[in-house]
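Shown next, in structure tokens, is the structure this report addresses.
Convention: sequence-line order gives letters A, B, ...; per-chain numbering from 1. Quick caveat: nothing in here was measured; it's all calculated off a predicted structure. We use all heavy atoms of the structure for the numbers below, so side chains are in, but hydrogens, waters and symmetry mates are not.
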2 protein chains.
Amino acid sequence: MTMGLSSSGEQRRSQLLRGVLDLCLLSLIAERPRYGFEFTQALAAGGLELISDGSVYPLLARMERAGLISSYRAPSASGGAPRKYYRLTEDGRAELTRGRDEWHAFAGQVGRILDDFASTGDDTP
Amino acid sequence: MTMGLSSSGEQRRSQLLRGVLDLCLLSLIAERPRYGFEFTQALAAGGLELISDGSVYPLLARMERAGLISSYRAPSASGGAPRKYYRLTEDGRAELTRGRDEWHAFAGQVGRILDDFASTGDDTP
DNA sequence: GCCACTACCTTGCGGTGCAAGGTAGTGGCT
DNA sequence: AGCCACTACCTTGCACCGCAAGGTAGTGGC
């Protein structure tokens with residue numbers, strides 16, 4: 001049976017990620033070319049402990065198919081399978097800029113809704 | 001022409017909503033009891049032009065089933081079918097508080113990732 | 001009696017995060 | 001040479017949910 005409904009907090013986290021995960025990856029790639037394993041580490045370092053690589057790799061594949069990023073192979077620096085590095089295309093950079101604006105607008109609107117209404121009933125002095 | 005994938009902006013909006021829609025509804029209900037039609041209007045007024053009632057009603061039903069809100073019927077003030085008003089339970093209020101904190105933390109982390117990395121490479125020709 | 005309006009709810013679809021598992025390349029150790 | 005551990009990439013099946021479209025129900029005007 002399913003047991004997924006118990007923790008609404010963790011569940012919300014998954015849902016929140018949906019809207020911004022691609023943007024975060026684009027942003028990380030914008031700094032410098034990166035490979036799959038790096039993303040989960042970098043996101044966790046930024047406070048977003050989240051994603052199994054099972055979420056990252058399909059998303060990278062989707063974005064490459066959409067022309068937002070391109071990839072090249074390079075040997076691993078620490079002994080192992082060769083890495084697949086991704087870098088931004090111009091479309092990807094444009095999408096990042098647009099997406100960042102969208103995010104800021106969205107975050108502002110949500111914050112306002114949560115702040116304006118949530119504390120109206122002040123029955124907990 | 002590549003039609004299907006072009007609306008990544010609109011699509012992202014849908015995905016962004018997933019994480020916060022329940023919280024927004026809770027916040028709106030926290031101010032005062034509301035009924036279904038009000039939510040889309042209130043959210044649109046807050047800048048989130050988004051949701052057909054097809055998204056709101058199932059979510060309200062889910063939250064009621066989860067014990068976060070409770071409902072009662074009242075006759076419509078403007079002639080029509082009776083309205084179903086929702087109000088917060090104590091669990092709902094706690095969930096709203098917790099969710100608001102989660103949202104602020106999450107928004108901060110995402111904003112930091114987008115700001116810290118996105119503008120590093122300025123090699124636009 | 002019929003129509004228009006308000007309001008609520010359901011159905012099928014598409015997209016996607018996630019856990020788990022599978023594939024492939026490298027080098028150390030015996 | 002062979003084996004094992006590690007790095008790294010990718011795929012599969014599942015469950016969730018916003019959305020568009022359509023259906024149901026109650027009220028009052030004509």
Worksheet entry | Secondary-structure string, 5' to 3', Watson-Crick or G-U under 3.5 Å, | for another-strand partners, for DNA chain D | ||||||||||||||||||||||||||||||

Item to complete: With sequence neighbours excluded, tell me which residues meet ring pair (Phe, Tyr, Trp, His ring centres under 6.0 Å) with Tyr35(B).
Response: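 Partners of Tyr35(B) under the ring pair (Phe, Tyr, Trp, His ring centres under 6.0 Å) test: Tyr85(B).
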
Worksheet entry | Heavy-atom check, side chain of Phe37(B) versus side chain of Val56(B), under 4.5 Å |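 SC-SC contact between Phe37(B) and Val56(B) ruled out.
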
Worksheet item: Do Leu43(A) and Leu25(A) have side chains that get closer than 4.5 Å, going by heavy atoms?
Response: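 Yes - at least one pair of side-chain heavy atoms lies under 4.5 Å apart.
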
Worksheet item: Reckon Ser52(A) touches a base, only the sugar-phosphate, or nothing at all at heavy-atom distances under 4.0 Å?
Response: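 Counting heavy atoms under 4.0 Å across all strands, the contact made by Ser52(A) includes a base.
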
Worksheet item: Would you say Thr40(A)'s side chain and Asp53(A)'s backbone share a donor-acceptor pair under 3.5 angstrom?
Response: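 Not a single qualifying donor-acceptor pair exists.
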
In this structure, how many angstroms lie between the [atom2] atom of [N] and the [atom1] atom of [X], rounded?
X	N	atom1	atom2	value
Leu48(B)	dC19(D)	CG	C1'	16 Å
Arg12(B)	dG17(C)	CZ	P	12 Å
Leu59(A)	dG17(C)	CG	C1'	10 Å
Arg65(B)	dC17(D)	CZ	C1'	13 Å
Leu60(B)	dC17(D)	CG	P	13 Å
Leu23(A)	dT16(C)	CG	P	14 Å
Arg13(A)	dC18(C)	CZ	P	10 Å

Practice prompt. In plain terms, say whether Asp22(A) and Arg12(B) are close enough for a salt bridge, that is, a side-chain N and a carboxylate O under 4.0 Å apart.
Written response: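 Looking at Arg12(B) together with Asp22(A), the answer is yes, because their closest N to O distance falls below 4.0 Å.
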
Fill in: Carboxylate-amine/guanidinium contact Arg93(A) Glu90(A), below 4.0 Å
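Salt bridge flag = no for Glu90(A) with Arg93(A).
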
Discussion item. I want to check one thing: is the phosphate of dT26(C), taken as OP1 and OP2, less than 4.0 Å away from some side-chain N or O of Ser78(A)?
Written reply: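 For dT26(C), neither OP1 nor OP2 has a side-chain N or O of Ser78(A) closer than 4.0 Å.
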
Worksheet entry | Gln15(B) vs dG17(C): side-chain N/O to OP1/OP2 distance below 4.0 Å |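 Gln15(B) to dG17(C) OP1/OP2: no side-chain N or O under 4.0 Å.
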
Discussion item. Given dG17(C), dC17(D), dT6(C), identify the nucleotide with an atom nearest to the side chain of Ser76(B).
Written reply: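 Shortest atom-to-atom distance from the side chain points to dT6(C).
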
Each nucleotide N or O in nucleotides 8-12 of chain C that has a protein N or O under 3.5 Å away: list the pair and distance.
from	atom 1	to	atom 2	distance (Å)
dC8(C)	OP1	Lys84(B)	N	3.0
dC8(C)	OP2	Gly36(B)	N	3.4
dC8(C)	OP2	Phe37(B)	N	3.1
dC8(C)	OP2	Tyr57(B)	OH	2.5
dC8(C)	O5'	Tyr57(B)	OH	3.3
dC9(C)	OP1	Lys84(B)	NZ	2.9
dC9(C)	N4	Asp53(B)	OD2	3.2

Worksheet item: Which heavy atom in Pro33(A) sits nearest to a heavy atom in Arg87(A), and how many Å separate them?
Response: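 It is CG-CB, 4.3 Å.
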
Practice prompt. Please assess Glu95(B) against Leu88(B) for the test side chain to side chain contact (heavy atoms under 4.5 Å, CB included), listing each intermediate value before the final yes or no.
Written response: CA-CA 10 Å; Glu95(B) 177 68 18; Leu88(B) 281 188; over 6 Å; no

Item to complete: Would you mind telling me which residue lines up with the more 5' stretch of DNA chain C, Arg18(A) or Gly80(A), judged by nearest nucleotide?
Response: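 Result: Arg18(A).
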
Discussion item. Determine whether Val20(A) and Leu16(A) satisfy the following criterion, side chain to side chain contact (heavy atoms under 4.5 Å, CB included), listing intermediate values before the conclusion.
Written reply: CA-CA 7 Å; Val20(A) 294; Leu16(A) 285 170; over 6 Å; no

